[in-house]
Amino acid sequence: MADDEDPTKKFLDATEKFQERLHKLWKVVFKKVSSHLKSMVSFIRQVVNVAKELAATVGKSVVDKVLRAGQVVEATITALPILLKTTLLLGKRIIAVIKKALDPKAVIVALKKLFARYVRMLIQIFVYITNLIQELDILGTVFSIIGTFQSVLRMIFSWITEVTGAKAGTAKAQGLLKKVWKEMKKEVKEAQLLRKEVMKLKVPA
């Protein structure tokens, strides 16, 4: 069937492109991000155990920011891989539904439902990445503050020197995520436009 007679071709091509991006994000980029954030997670868990004592030196607001941002980051880096995997599975389903259809027009009802859900999940992934970047920026700032007190704090908490590695890992992870964010921003806009288009497709009588 000619492309102009196949109302699903555009959405098949788009889904395959999005899938390629998501697969790279999950298998390559996010693995690197998680690796970079290990030192940050480890450091924050130690801060939790001595939050009150640490606050006496660096200030309660600094410790509160570390704990809050750290909690958000940990929750997000746990949830994001699950969402990525689920979205990839849905993308595979969309591709299979379109390719297996003898008559492309016959799958429009299913395509509308599946593609709309797929786009919502793409947007949620983008939101997660945006939130991660923002929280890592906060952590980078407060880690710098804690770093200025290292000479005093290390007499009480020997592990406080780990803030240097936590800050470096946070910066590397944020750099990777910013690059992904720029790339995904255009794709998310494209996906939103495609969602509007798919909803306008006429269902065969």
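Scope of the values below: all heavy atoms of this structure, side chains included, with no hydrogens, waters or symmetry mates. Note that the structure is a prediction, hence the values are computed from the model and not measured. Numbers here simply count residues along the sequence, with the first being 1.
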### Task
Using a strict cut-off of less than 4.0 Å between a Lys/Arg side-chain nitrogen and an Asp/Glu carboxylate oxygen, indicate whether D64 and R68 qualify as a salt bridge.
no

### Query
What is the minimum heavy-atom distance between A191 and L122, and which atoms define it?
CB-CD1, 4.0 Å

### Query
Do F157 and Q46 come close enough that some side-chain heavy atom pair is under 4.5 Å?
no

### Message
If I take atom CH2 from residue W159 and atom OG1 from residue T161, how far apart are they, to the nearest 0.5 angstrom?
### Response
9.5 Å

### Query
If Ile, Leu, Val, Met, Phe, Trp and Tyr residues are connected whenever their side-chain heavy atoms lie under 4.5 Å apart, and connections chain through other members, are V109 and L194 in the same group?
yes

### Query
Looking at side-chain heavy atoms only, is the closest gap between L54 and I160 below 4.5 Å?
yes

## Note on the structure
Nearest heavy-atom contact between I129 and L177 is CG2-O, 3.9 Å

### Query
Do Q150 and T164 have side-chain N/O donor and acceptor atoms under 3.5 Å apart?
yes

#### Entry: Backbone N/O of V72 and side chain of E135: donor-acceptor pair under 3.5 Å
no

### Task
Using atom types as modelled and distance alone, determine if a side-chain donor or acceptor of K112 lies under 3.5 Å from a backbone N or O of L201.
yes

### Query
Would K85 and I82 count as a side-chain contact (heavy atoms from CB on, under 4.5 Å) if you check the C-alpha gap in whole Å, the side-chain angles of each, and the deciding distance to 0.1 Å?
CA-CA 5 Å; K85 185 176 180 180; I82 297 172; 5.9 Å; no

### Task
Please check if atom CD in E20 has more than 12 non-hydrogen atoms from other residues, nucleotides or ligands closer than 6.0 Å.
no

#### Entry: Pairs touching residues 182-192 that satisfy salt bridge (Lys or Arg N to Asp or Glu O under 4.0 Å), sequence neighbours left out
K17-E190, R21-E183, R21-E187

### Task
Nearest 0.5 Å please: distance from the CG atom of D6 over to the CG atom of D103.
9.0 Å

### Query
Do you know which two heavy atoms are closest between I108 and P7, and how far apart they sit?
CD1-CG, 4.0 Å

#### Entry: Exceeds 12 heavy-atom contacts within 6.0 angstrom, atom NZ of K172
no

### Query
So F18 and Y118, would you call those rings parallel, tilted or perpendicular, with 30° and 60° as cut-offs?
tilted

### Task
Measure the CD1-CG distance between I77 and L80 for me, rounded to the nearest 0.5 Å.
9.5 Å

### Query
Can you check whether R195 reaches R120 side chain to side chain, under 4.5 Å on heavy atoms?
yes

### Query
Out of curiosity, does V48 fall in the hydrophobic cluster containing V62 (side-chain heavy atoms, cut-off under 4.5 Å, transitive links)?
yes

### Query
Just how far is it from atom CG of L22 to atom CD1 of I125, taken to the nearest 0.5 Å?
5.0 Å

### Message
When you compare the side chain of F143 with that of I44, does any pair of heavy atoms fall below 4.5 Å?
### Response
yes

### Task
Keeping the roles fixed (side chain from T78, backbone from E74), state whether a donor-acceptor pair exists under 3.5 Å.
yes

### Message
So M184 and L25, do their side chains get closer than 4.5 Å, heavy atoms only?
### Response
yes

Show me the donor-acceptor pairs within less than 3.5 Å that the side chains of residues 30-38 make with the rest of the protein, sequence neighbours left out.
from: S34; atom 1: OG; to: F30; atom 2: O; distance (Å): 3.0

### Message
Working to the nearest 0.5 angstrom, can you tell me the gap between L132 CG and L139 CG?
### Response
10.0 Å

### Query
Is a side-chain N or O of E162 found less than 3.5 angstrom from the main chain of S39, in a donor-acceptor match?
no

### Query
Do you know which two heavy atoms are closest between T87 and Q19, and how far apart they sit?
O-OE1, 3.7 Å

### Query
Side-chain contact, heavy-atom cut-off 4.5 Å: L111 with V198?
yes

### Message
Measuring only between side-chain heavy atoms, which start at C-beta, is K167 closer than 4.5 Å to T170?
### Response
no

### Message
Hydrophobic cluster membership, with links at side-chain heavy-atom distances under 4.5 Å among I/L/V/M/F/W/Y: are F149 and I156 in one?
### Response
yes

#### Entry: ILVMFWY network linking I138 to V63, side-chain heavy atoms under 4.5 angstrom
no

#### Entry: Side-chain touch M199/F115, heavy atoms, less than 4.5 angstrom
no

### From CD (E16) to CD1 (I95), nearest 0.5 Å
5.0 Å

